[in-house]
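Just so you know, these numbers use all the heavy atoms, side chains as well, and skip hydrogens, waters and symmetry mates. These numbers were taken from a predicted model, which means no experiment stands behind them.
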Amino acid sequence: MKLFFEDFKKYRYFLLQLVKKEIKLKYRSSYLGVIWTLLEPLLTMLVLTAVFTKLFSRNAVDDYPVYILTGRLMFSFFSQSTTQALKSVRNHSGMIKKVYVPKYMYPAASVLSNYIMFLISLIVLAIVIIVRGIRPTFYIFQAIIPLVTVLIFSLGVGMLLSTVAVFFRDLEYLWGVATMIVMYASAIFYNVESVSTKANEWMFRFNPVYAVITNFRAAIFGRPMDGFLAWYSAGVALASLALGAIVFSKNQDKFILHL
């Protein structure tokens, strides 16, 4: 662990450059650039609000635009960051073969670059909150907990995926299916109370992505967080980071043979 922090300190400038590179590449062919980070969640919110409040009014909730935007932003960060982290080692195979740097820098850069864009996209959430007339309360400060938790969880999952993907290329397609399942099990665009039963309650209660979304919403809407979901998601996040770091470190020397 001491060596990990020493490497991180030594190569922090390299990590910063990787993060900048990831952001530039993401919007290299886009005319809107970073502006799309603000427009995309806003347009998605408008479409889903129109569809689900008109066609499925039974699933409607108070302040539905804010409800759906909070879930959409959190899930999009998790999905995009882990997907890019999964491909990060393979995408930098040329650099890995020529220059030595701690290889965990690559999935870390993918997650951190997406996290920066995610934080920028929260500007849209702030604007919608103002337009909807929601007044922040003291509970807004609780938002830092799910925001940090989802970062740690994404980093841990990203390191684990990036390791497995080197040896098992089809993981990219399987992860796409997995994230779709997680999306539908995270109550992004529907009210949990309208679909939750004793048979499927576990699907929500033990889904760490649902946990961080729920507590993030609680902070935004001025309610106390769910204590169980907060501790559970934090525990899963730390466990995933530890597991991802261990699996990555034990296999990183084999990467060169499979790239």
Joint hydrophobic cluster, Ile181 plus Val157, side-chain heavy atoms closer than 4.5 Å: no
Members sharing Val247's hydrophobic cluster (side chains within less than 4.5 Å): Leu160, Leu243
For Leu119, all residues meeting side chain to side chain contact (heavy atoms under 4.5 Å, CB included), sequence neighbours excluded: Tyr115, Leu122
Side-chain heavy atoms of Val101 within contact of Tyr106, under 4.5 Å: yes
Sub-4.5 Å side-chain heavy-atom contact between Arg132 and Pro65: yes
Those residues that, when tested against Phe216, pass ring-ring contact (aromatic ring centres under 6.0 Å, His included) (two or more places apart): none
Ser113 OG to Glu22 CD distance, which is reported to the nearest 0.5 Å: 4.5 Å
Common cluster, Met95/Leu112, ILVMFWY with side-chain heavy-atom separation under 4.5 Å: yes
Stepwise side-chain contact (heavy atoms from CB on, under 4.5 Å) check, Leu151 with Leu147: CA-CA 7 Å; Leu151 172 61; Leu147 288 176; over 6 Å; no
ring-ring contact (aromatic ring centres under 6.0 Å, His included) partners of Phe75, counting only residues at least two apart: none
Sequence-distant partners of Leu174, side chain to side chain contact (heavy atoms under 4.5 Å, CB included), two or more places apart: Phe168
Mutual orientation of the aromatic rings belonging to Phe248 and Phe255 [parallel < 30°, tilted 30-60°, perpendicular > 60°]: perpendicular
Phe77 and Met117, any side-chain heavy atoms less than 4.5 Å apart: no
Any donor-acceptor N/O pair, Asp63 side chain to Val66 backbone, under 3.5 Å: no
Non-neighbouring partners of Tyr173 that pass ring-ring contact (aromatic ring centres under 6.0 Å, His included), sequence neighbours left out: none
Under 3.5 Å donor-acceptor, Ser93 side chain and Val89 backbone: no
Ring-face cation contact, Tyr210 with Arg205, 6.0 Å cut, 45° max: no
More than 12 heavy atoms of other groups within 6.0 Å of Phe141 CZ: no
Listed once per pair and sorted, the side-chain hydrogen bond (donor to acceptor under 3.5 Å, both in side chains) pairs that draw on residues 134-159, sequence neighbours left out: none
Joint hydrophobic cluster, Ile134 plus Val131, side-chain heavy atoms closer than 4.5 Å: yes
Side-chain hydrophobic cluster, 4.5 Å single linkage: members besides Ile246: none
Pairs satisfying side-chain hydrogen bond (donor to acceptor under 3.5 Å, both in side chains), at least one member in residues 174-187, at least two apart: Thr82-Trp175, Ser186-Asn207
Check: Val148 and Ile152 side chains under 4.5 Å, non-hydrogen atoms: yes
Side chain to side chain, His92 and Leu18, heavy atoms closer than 4.5 Å: yes
Nearest-0.5 Å distance that lies between atom CD1 in Ile129 and atom CD1 in Ile220: 4.0 Å
Set of residues satisfying salt bridge (charged side-chain N to carboxylate O under 4.0 Å, His left out) with respect to Arg90, sequence neighbours excluded: Glu172
Ser162 side-chain N/O to Met159 backbone N/O, donor-acceptor pair under 3.5 Å: yes
Rounded distance (nearest 0.5 Å) linking atom CD1 of Ile256 with atom CG of Asp253: 10.5 Å
Side-chain cluster (under 4.5 Å, hydrophobic types only) that Trp231 belongs to, other residues: none
Distance (rounded to the nearest 0.5 Å) between Thr83 OG1 and Gln80 CD: 8.0 Å
Contacts of Ala230 that satisfy side chain to side chain contact (heavy atoms under 4.5 Å, CB included) - sequence neighbours left out: Asn215, Met225
Backbone of Ala85 reached by a side-chain donor or acceptor of Ser88 within 3.5 Å: yes
Between CG on residue Leu161 and OG on residue Ser81, distance to nearest 0.5 Å: 9.5 Å
Common cluster, Leu125/Ile130, ILVMFWY with side-chain heavy-atom separation under 4.5 Å: no
In one Ile/Leu/Val/Met/Phe/Trp/Tyr side-chain cluster, 4.5 Å: Met105, Leu16: no
Parallel, tilted or perpendicular, as decided by the 30° and 60° cut-offs, for the rings of Phe78 and Phe153: parallel
Full working for side-chain contact (heavy atoms from CB on, under 4.5 Å) between Met74 and Val150: CA-CA 8 Å; Met74 292 286 277; Val150 74; 4.1 Å; yes
Heavy-atom side-chain contact between Ile188 and Tyr67 under 4.5 Å: no
Interatomic spacing from OG1 in Thr70 to CE in Met45 - rounded to 0.5 Å: 11.0 Å
Side chains of Phe118 and Asn114 in contact at under 4.5 Å (non-hydrogen atoms): no
